[in-house]
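Here is the structure we will look at, set down as structure tokens.
Lettering follows sequence order; numbering is per chain, from 1. Values in this document were obtained by computation on a predicted structure and should not be read as measured data.
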Amino acid sequence: MCLAVPGRVESVEGSDPLERRGSVDFGGVRREVQLAFVPEAERGDWVLVHVGFAIARIDEDEAERMLDELERMETGGDAR
Amino acid sequence: MKFLDEYRDEALARRLADRIARATTRPWTLMEVCGGQTHAIVRFGIDRLLPPEIELVHGPGCPVCVTPIEIIDRALELAAQPRTALCTFGDMARVPGSGSDLLGCRAEGGDVRIVYSPLDAVEMAAAEPEREFVFLAVGFETTAPANAMAVLQARRRGLRNFSLLVAHVLVPPAMEAILSAPDHRVQGFLAAGHVCTVTGWADYHAIARTHRVPIVVTGFEPVDVLQGVAMCVEQLEAGRYTVENQYRRSARPEGNRAARATVDEVFEVADRRWRGIGVLPRSGLRIRPELGDFDAERRFGPVHCDEEAESPCIAGRILRGRAKPDACPAFGTTCTPEHPLGAPMVSSEGACSAYLRYRGTAGPSDATESARP
């Protein structure tokens with residue numbers, strides 16, 4: 001039930017904070033998603049969606065940093 | 001797909017498994033809290049990539065599984081009433097009540113509506129004002145903001161025919177309960193990444209400190225889970241027990257402030273009975289008294305959750321990490337997805353469902369899973 005799926009914000013509508021929503025693309029499938037909990041999310045951002053609500057804006061820089069760290073782990077040999 | 005595929009990279013997963021093997025010098029038992037993590041572990045065979053010293057035990061993170069039977073029975077009663085519709089996530093539909101389940105109730109004419117979001121139920125209530133709509137509000141901290149927002153939107157729209165039958169539970173009290181049992185085996189936790197995306201982890205520091213267990217906030221894809229295990233094992237091997245965050249792309253220490261504020265506006269913390277586990281103090285949510293019009297227990301009478309009767313289902317032991325599904329004599333024999341003895345066999349987060357689906361007697365696993373946003 002805590003399943004949440006990443007998607008990309010295609011458009012944002014609604015100026016009312018309670019009913020801010022947008023169209024989110026999930027690998028080609030578009031759905032309306034509530035954006036009330038991610039006031040910082042704009043068009044082009046990736047969000048994490050659970051039962052029709054975005055619960056986080058995905059931090060792409062942080063994601064890249066982590067994958068870079070893991071890649072370095074490959075060549076660096078030791079874990080830390 | 002971005003943010004999924006790169007975390008299912010097999011080579012990276014194997015390198016992480018090597019890192020864990022290098023770090024491990026003795027046996028450690030870790031618990032993954034969330035049923036979504038359990039399913040990923042079983043589906044992708046993550047536990048089989050780990051060195052034999054590392055055991056993963058499965059935690060209580062299946063809200064459907066811990067919902068008391070009396071709540072399901074009330075949902076069945078309401079669905080059977082004339083001019084009342086019971087709305088639910090699909091996950092609850094096959095969970096057995098005392099007699100039937102919600103799908104069975106619908107087959108007999110009950111008005112049971114499977115919805116994708118609680119706001120779908122609000123829309124239905126607005127469209128059919130002569131009918132009562134009750135949404136079965138089950139879930140952990142991840143789902144509470146959406147359900148709280150449904151109440152706020154129903155209030156704003158002046159709806160008088162919408163309410164929640166609430167069975168919300170909270171993760172930290174369950175972790176406390178597991179660690180407080182004198183003979184528990186859990187030495188470290190992979191905390192639930194989506195729960196922590198909403199709540200942050202301020203409440204987790206005291207648990208780590210008091211019980212001297214590392215807690216790693218962890219995501220749901222194979223690379224996430226393996227990195228979470230690596231971070232947890234490295235803490236254990238170094239004798240450390242702090243809260244760390246593996247799921248940095250989504251989870252932040254303070255959580256989601258807007259979501260938390262919405263939850264606080266609608267719900268307050270309350271004692272809750274967990275199916276198979278018992279009453280845990282301050283382990284759930286209920287609707288605040290000032291929003292009582294939206295509380296199905298205020299509108300239709302309180303639900304009394306009693307001591308549980310004896311059952312052949314060992315869900316309580318499974319949910320506390322004391323037994324694994326294939327240790328249950330009923331597993332795959334008298335308990336199957338078609339005829340479940342307990343919720344863990346039918347919930348998409350249930351450990352028994354994961355074992356049967358991906359390892360069971362039903363043949364090779366079906367790796368296609370519908371990932372709904």
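- Counting heavy atoms from C-beta outward, A/V51 and B/P118 have side chains that approach closer than 4.5 Å.
- No side-chain heavy atom of B/K2 sits less than 4.5 Å from a side-chain heavy atom of A/R8.
- Looking at A/D25, neither its backbone nor its side chain comes within 4.5 Å of chain B, counting heavy atoms on both sides.
- In terms of heavy-atom proximity, B/T143 sits nearest to A/H50 at OG1-NE2, 2.9 Å.
- With B/Y116 as the aromatic partner, A/R31 meets the cation-pi criteria of under 6.0 angstrom to the ring centre and within 45 degrees of the ring axis.
- When every heavy atom of A/A36 is checked against every heavy atom of B/A258, the shortest pair comes out as O-CB, 4.1 Å.
- Nearest heavy-atom pair, B/M1 versus A/F26, reported as atom, atom and distance to 0.1 Å: SD-C, 3.9 Å.
- Contact annotation for B/I20: neither backbone nor side-chain heavy atoms come within less than 4.5 Å of a heavy atom of chain A.
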Note to self: Before you tell me yes or no, could you show the steps for B/N256 and A/R57 under side chain to side chain contact (heavy atoms under 4.5 Å, CB included), namely the whole-Å CA-CA distance, both residues' side-chain angles and the distance that decides it to 0.1 Å?
What the structure shows: CA-CA 10 Å; B/N256 181 318; A/R57 186 181 74 82; over 6 Å; no

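- For the pair A/L48/B/Y247, a side-chain contact is recorded, criterion being any heavy-atom separation below 4.5 Å from C-beta on.
- Side-chain atoms of B/R249 and A/E64, non-hydrogen and from C-beta on, never get closer than 4.5 Å to each other.
- In A/E60, the CD atom is crowded: over 12 heavy atoms of neighbouring residues, nucleotides or ligands sit closer than 6.0 Å.
- Looking only at side-chain heavy atoms (C-beta outward), A/D59 and B/S250 stay at 4.5 Å or farther from each other.
- Put simply, the side chain of B/H39 does not reach to within 4.5 Å of the side chain of A/L3, judged on heavy atoms.
- Contact tally against chain B (heavy-atom pairs below 4.5 Å) for A/G28, A/A56, A/P6, A/P17: the top residue is A/P6.
- Residue pairs meeting the salt bridge (charged side-chain N to carboxylate O under 4.0 Å, His left out) criterion with at least one partner in residues 140-154 of chain B, sequence neighbours excluded, are absent.
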Note to self: Between A/L70 and B/Q227, does the side chain to side chain contact (heavy atoms under 4.5 Å, CB included) criterion hold? Intermediate values first, please.
What the structure shows: CA-CA 9 Å; A/L70 291 180; B/Q227 192 184 11; 3.7 Å; yes

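- For A/I58, the parts sitting under 4.5 Å from any heavy atom of chain B are the backbone and the side chain alike.
- The residues B/R157 and A/E19 are annotated as not salt-bridged, no charged nitrogen and carboxylate oxygen being separated by less than 4.0 angstrom.
- Between B/A146 and A/F37, the shortest heavy-atom distance links the atoms N-CE1, 4.1 Å.
- The two residues B/S117 and A/F53 make their nearest non-hydrogen contact at OG-CE1, 3.9 Å.
- Chosen from B/V195, B/T262, B/N147, the residue pairing most often with chain A at heavy-atom distances under 4.5 Å is B/T262.
- For B/R252, the part lying near chain A is the side chain, with the backbone staying farther off; criterion is any non-hydrogen pair under 4.5 Å.
- Contacts between B/R156 and chain A at a heavy-atom distance below 4.5 Å involve the side chain alone, from C-beta outward.
- Considering only heavy atoms from C-beta on, B/L16 comes within 4.5 Å of A/M73 through its side chain.
- A/L67 has its side chain within reach of B/Y7: a pair of non-hydrogen atoms, C-beta onward, lies under 4.5 Å apart.
- Nearest approach of B/D224 to A/M66, heavy atoms of both residues: OD1-CE, 4.4 Å.
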